[in-house]
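What you see below is based on every heavy atom in this structure, not just the backbone, and it leaves out hydrogens, waters and symmetry mates. Nothing here was measured: the structure is a model prediction, and the numbers come from that model. In the text below, chain A, chain B and the rest are named by the order of the sequence lines, each starting its count at 1.
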2 protein chains.
Amino acid sequence: MTNIDQSNQIISLDRISDICGVSIGTVSKALSGKPGVRSTTRQRILSVAERYRYRPNRLVHAIQRGKSMTVGLTCRNFGDEFGGRIMSGMLEVLFHAKYDPIVISWELSVNEGVRALRSLTERRVDGILMFPPAELPTDPYLEELRIFNGPIVVVDQMWPGCRYDFYGSQDAEGADVVTEHLIKLGHRKIAHIQLSNVSTGQSRLDGFQRAMIRHGIAIHEKWLPGIEHYGSDEPYKIARELLSSPDRPTAIVAFNDPVAMQVLAAAHDLGLRVPQDLSVTGFGDLDVTRHLRPMLTTVAQNPMAIGRKAAERLLQQIEANSTAPGHPVSSPLQELLPVEVIVRQSTGPISR
Amino acid sequence: MTNIDQSNQIISLDRISDICGVSIGTVSKALSGKPGVRSTTRQRILSVAERYRYRPNRLVHAIQRGKSMTVGLTCRNFGDEFGGRIMSGMLEVLFHAKYDPIVISWELSVNEGVRALRSLTERRVDGILMFPPAELPTDPYLEELRIFNGPIVVVDQMWPGCRYDFYGSQDAEGADVVTEHLIKLGHRKIAHIQLSNVSTGQSRLDGFQRAMIRHGIAIHEKWLPGIEHYGSDEPYKIARELLSSPDRPTAIVAFNDPVAMQVLAAAHDLGLRVPQDLSVTGFGDLDVTRHLRPMLTTVAQNPMAIGRKAAERLLQQIEANSTAPGHPVSSPLQELLPVEVIVRQSTGPISR
DNA sequence: TCATACTTGGAAAGTACTTTCGTAAATTTT
DNA sequence: AAAATTTACGAAAGTACTTTCCAAGTATGA
């Protein structure tokens, strides 16, 4: 046996053709099941390939076909349950379509982010699934995104002037309905802790205000505090300040479940009982809402479906792009998936 | 201008050489800053490359150098805060070393998992960072892992017979010390909710038992319930059953913070006050521990450092592998990062 | 036995580069 | 102005394949 080099390199067609005494072309045909190879020859090649653990080099396929079967995934942070579910949905669809994700993170400076994105272009990913950062994408970033000329699908968060396909949640409706839920319970002094500078924050604020205005309830500017840095304990401080005032709100609509959790902590620390003294709502319906006491009234989103739909759409676009190149100038699609208010223990009728 | 084809394909060296009227080789040298090109020619090529937004094809580099500058990342699930931090640490190191991660998920059947892993081999990733699943890897999986002959580094969770480099936490020590903390507070009736079938679960159980035995405290089998399916509400049910008994434990050492959170919920639902009636400890020191009321006494791990160290080690191995091929048969490294008990409000002296 | 048809395998081109080597052109020296 | 030296550029090979086309080789029918 001439197995000099079975050390640690993966064997190539070249080596197999040497070992079997046939040409590279024949080995290729044999392994890919193409006709034109005698069955005895094919068997011989197959068994050698098996013995030497041949694995085709997909980088070569990628170059030849002009299609890498990879997609870029720009993801905010990994520890986030909501974002994690979106990614799970994406990965499920990608996997079954035999695409692999190259992941880049937003936990980078602007320059680094641009480099990461450029890397996706240089690796010739067939498309990009974009989970935008809490901050707006910067100009150099958007420019690099334009240079990448494959399809792009954005999820969860938009930015002004974004011309890409988008999948998100009915944030405004969710905030509207959950606010209405509080109003129907008799609440009038309702605060909303919003997330500044992002589209979901703006939409939820809009929905909140819509419900308040519809019911003719005054909106106090001081009861619309905004979180500047997501991921800190700012929500706790904001809630504590809101609730420390003698004229405190009787209900708080929090931007999302993690924020609501910090509101619950602040209420607890101030000796306020939920829901007797204060009603609290979240957004997202994460697992945590069911493990908190009181269990959290919240707006259920469907992050898995967002991820799945976004990935499916991206694959469609890739398909369309490769069969008929040249931009398929259909105007960007925007789908907002329905949400549902889940009433649990953290909201109750107002008590005076 | 002969820009017939600037439609949507990224321009190639070939096209640039056409446009500039020089050979491909010259373009290559000009763009990569190699000598042997007149500065006027270089400028001309550079400006054309800039105008047409040239981006080198890294797939070609990968084939030529036999090094793809990618690593595989097998990750359990994305929504998990602990896992997310490990991944953040990994990504940080990989990014700065100009490696990109191809992520595959464990939320797959056995066959699918093997296919995902095979895909990594076929894409010629230079190494694999492995965050093992809650279940043990199956034989076909381990076999596919062997076929991939680059370096592999495992984090957090081991499996029997694993011969790869490993970075984890001092699970046994953490459980030991936090149990001792409870014992010093006067507790004798201490239960441990363990996670069955995984190495961290076993280590924490070992540590728990070590502390108990050292202090001559009897260990009741019924107070060592195991979670079979991580990610469900099984911990809640287990805690509720433990605490419903007339002869209930006065302290519970939970496998980790999410489990401890469910224990707190069960205690709350049974009218038990924490820490007056029951002390609870977690493991991990996730953000959630600070937002719970009472705040959770826990064992702080350092997942970012685990991720960083694992990635650094992997890159070392890749480097060593490419300079001196043939397995560097050093016996596998195992580093367990220190942990620290963080005492908060969920543990207190026993009250009778 | 010879012509025809079919089967089998090989050579070569193409993918997007890098790198080496050789040669022509430009520049400097005599 | 001719020779020597330096510089600039191109041709070609190599990377690991797929695919097409072509030339043998084999089997079949007259």
N/O (side chain, A:Thr26) to phosphate O (OP1/OP2, C:dG9) under 4.0 Å:
no

Once you round it to whole Å, what is the distance between C1' of D:dG14 and CD1 of A:Ile24?
12 Å

Apply side chain to side chain donor-acceptor pair (under 3.5 Å) to B:Glu112 and A:His96, showing your working.
CA-CA 9 Å; B:Glu112 290 176 337; A:His96 287 111; 2.8 Å; yes

Rounded to whole Å, CG of A:Leu13 lies from P of C:dG9 at a distance of 16 Å

Under 3.5 Å between N/O atoms: give me all the protein pairs with nucleotides 5-8 of chain D, atom names plus distance.
from  : atom 1 : to      : atom 2 : distance (Å)
D:dA8 : O3'    : B:Arg38 : NH2    : 3.4

Between A:Thr70 and A:Asp100, do the side chains contain an N or O donor and an N or O acceptor separated by less than 3.5 Å?
no

To check you understand the geometry: which heavy-atom pair defines the closest contact between A:Ala116 and A:Leu108, and what is its length?
CB-CD1, 4.1 Å

Per the ring-ring contact (aromatic ring centres under 6.0 Å, His included) rule, what does the pair list look like for residues 109-144 of chain A, sequence neighbours excluded?
A:Trp106-A:Tyr141

Protein-nucleotide distance (B:Glu122, atom CD; D:dA16, atom C1'), rounded to Å:
13 Å

Which angle, to the nearest 10 degrees, lies between the helix axes at the two ends of the helix from C:dT1-D:dA30 to C:dT30-D:dA1, each defined by five pairs?
60°

Rounded to the nearest Å, what distance is computed from the CG atom of residue A:Leu31 to the P atom of nucleotide D:dT19?
13 Å

Roughly how far apart are A:Thr138 OG1 and A:Trp159 CH2, rounded to 0.5 Å?
11.0 Å

Rounding to an integer number of Å, can you tell me how far A:Arg15 CZ sits from D:dC17 C1'?
17 Å

Testing D:dT18, C:dA16, C:dT19 for proximity to the side chain of B:Ser28, the answer is C:dT19

Taking only nitrogen or oxygen atoms into account, show me every contact under 3.5 Å that the protein makes with nucleotides 20-25 of chain C, one pair per line with its distance.
none

Stretch residues 58-69 of chain A: residues that reach within less than 4.0 Å of DNA chain C through a heavy atom:
A:Ile63, A:Gln64

Drop me the distance from A:Arg44's CZ to A:Cys20's SG, to the nearest 0.5 angstrom.
5.5 Å

So, B:Glu144 and A:Arg55, do they make that salt bridge, N to O below 4.0 Å?
yes

Check this for me: does any side-chain nitrogen of one of B:Arg53 and A:Glu143 sit under 4.0 Å from a carboxylate oxygen of the other?
yes

Please determine whether a side-chain nitrogen of the Lys or Arg among B:Lys67 and B:Asp126 lies less than 4.0 Å from a carboxylate oxygen of the Asp or Glu.
no

Throw together a table of side-chain donor-acceptor distances under 3.5 angstrom for residues 21-31 of chain A, partners on residues two or more places apart or in other chains.
from    : atom 1 : to      : atom 2 : distance (Å)
A:Ser23 : OG     : A:Gly25 : N      : 3.4
A:Ser23 : OG     : A:Thr26 : N      : 3.3
A:Ser23 : OG     : A:Thr26 : OG1    : 3.2

To the nearest 0.5 Å, tell me how far B:Leu120 CG sits from B:Arg123 CZ.
8.5 Å

To the nearest angstrom, how far is A:Arg124 atom CZ from C:dT15 atom P?
14 Å

Tell me the interatomic distance from B:Ile10, atom CD1, to C:dA16, atom C1', rounded to whole angstroms.
12 Å

On the ring face of B:Phe95, is A:Arg115 found with NZ or CZ under 6.0 Å from the centre and within 45° of the axis?
yes

Strictly below 4.0 Å: does B:Lys34 bring a side-chain N or O up to OP1 or OP2 of C:dT18?
no

For a 4.5 angstrom cut-off between non-hydrogen side-chain atoms, does B:Ile104 reach B:Ser119?
no

Among C:dA16, D:dT18, C:dT18, the one nearest B:Ser12 by side-chain distance:
C:dA16

Heavy atoms only, 4.0 Å cut-off, all strands: where does B:Pro35 land among base, sugar-phosphate and nothing?
nothing

OP1 or OP2 of C:dA16 sitting under 4.0 Å from any side-chain N/O of B:Tyr54?
no

Assess, by modelled atom type and distance only, whether the side chains of A:Glu122 and B:Asn57 contain a donor and an acceptor separated by less than 3.5 Å.
no

Could you give the CD1-to-P distance, from A:Ile16 to D:dT18, as a whole number of Å?
10 Å

